[in-house]
Amino acid sequence: MTEETPVEETPVEETPVEETPVAADLPDDPVLAGLAEQFPGAAFAARDAYDEADVEPADAVAFVEAARDAGYDAFVDLCAVDHLQRRPVRYEVVVNLLDLERPARLVVKVPLPGPDPEMPSLTGVFPGTNAYEREAWDLMGIRFTGHPDLVRIL
């Protein structure tokens, strides 16, 4: 029998990432100002083509529900991002919502620490998140508590 030489793992150098700038003042948007009043812990920023809100996992369902009630009633998609060693918080769930009347886009970001990321399911607010949450669970291991059928797709 031959003995295998242990393979040394090459350390991955952490790349410093510039923090996402958060606007000190909200955009001149009464809908976002109302959401900011309801959720003082949320951080808002205005981008070129959309507005952004960073929300804690515990507030995610209530925030998305309030955004829906405020006019962001079209769910576009939900995805998960693995920042690996590039940010202090490893995972992030990103939800895209549209207000078709104004028109306006709101990107809701929910940071999740590893190694066992978990957040409440949004299926009670937007049933269309079902398959997207299952995909994030299957591919990234993000558990969505309260999901009606969190089974693997692949």
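In this structure, H147 contributes its side chain and L150 its backbone to a donor-acceptor pair below 3.5 Å. The backbone N or O of T129 lies less than 3.5 Å from no partner atom in the side chain of T123, so there is not a single donor-acceptor pair.
Residue S121 comes nearest to G146 through the heavy atom pair CB-C, 3.9 Å, listed as atom of the first residue, atom of the second, then distance. Here the shortest heavy-atom pairing between A67 and L35 reads N-CD2, 3.8 Å. Between P57 and P120 the shortest heavy-atom distance is O-CD, 3.4 Å. Nearest heavy-atom pair, V89 versus P113, reported as atom, atom and distance to 0.1 Å: CG1-N, 3.8 Å.
Taken to the nearest 0.5 Å, the CG atom of L32 stands 12.0 Å off from the CD atom of E37. Between atom SG of residue C79 and atom CD of residue E133 there is a gap of 12.5 Å, rounded to the nearest 0.5 Å. Atom CD of E135 sits about 9.5 Å away from atom CG of D77, to the nearest 0.5 Å. Taking CD of E101 as the start and CG of D73 as the end, the distance is 7.0 Å to the nearest 0.5 Å. We find the CZ-CZ distance between R68 and F63 to be 13.5 Å, quoted to the nearest 0.5 Å. In this structure, D59 CG and D54 CG are separated by 12.5 Å, a value rounded to the nearest 0.5 Å.
Side-chain contact between M119 and V93 is present, with at least one heavy-atom pair separated by less than 4.5 Å. In this structure, the side chains of V125 and V61 come closer than 4.5 Å at one or more pairs of heavy atoms. Using a 4.5 Å cut-off on side-chain heavy atoms (C-beta onward), V55 and F39 make no contact. In this structure the side chain of W137 never reaches within 4.5 angstrom of the side chain of I153, judged on heavy atoms. With contacts defined as side-chain heavy-atom distances shorter than 4.5 Å, the pair I142/F144 qualifies.
Under the side chain to side chain contact (heavy atoms under 4.5 Å, CB included) rule, L122 has a single partner from V64, V108, N130, V110, which is V64. Screening L98, L106, V95, V107 against V76 for a side chain to side chain contact (heavy atoms under 4.5 Å, CB included) leaves a single residue, L98.
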F75 vs L97, side-chain contact (heavy atoms from CB on, under 4.5 Å): CA-CA, chis, key distance, verdict:
CA-CA 5 Å; F75 165 75; L97 304 174; 4.2 Å; yes
Is there a salt bridge (charged side-chain N to carboxylate O under 4.0 Å, His left out) between R105 and D99? Walk through the geometry before answering.
CA-CA 6 Å; R105 178 182 298 266; D99 179 338; over 6 Å; no
Audit row: R152, D138, salt bridge (charged side-chain N to carboxylate O under 4.0 Å, His left out) steps and yes/no:
CA-CA 5 Å; R152 297 200 179 274; D138 199 12; 3.1 Å; yes
side-chain contact (heavy atoms from CB on, under 4.5 Å) evaluation trace for E65 with F126:
CA-CA 9 Å; E65 190 171 35; F126 288 109; over 6 Å; no
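Between D82 and R90 a salt bridge is recorded (basic side-chain N to carboxylate O distance below 4.0 Å).
Following chains of ILVMFWY side-chain contacts shorter than 4.5 Å, one cannot reach L112 starting from V81, and the two form parts of different hydrophobic clusters.
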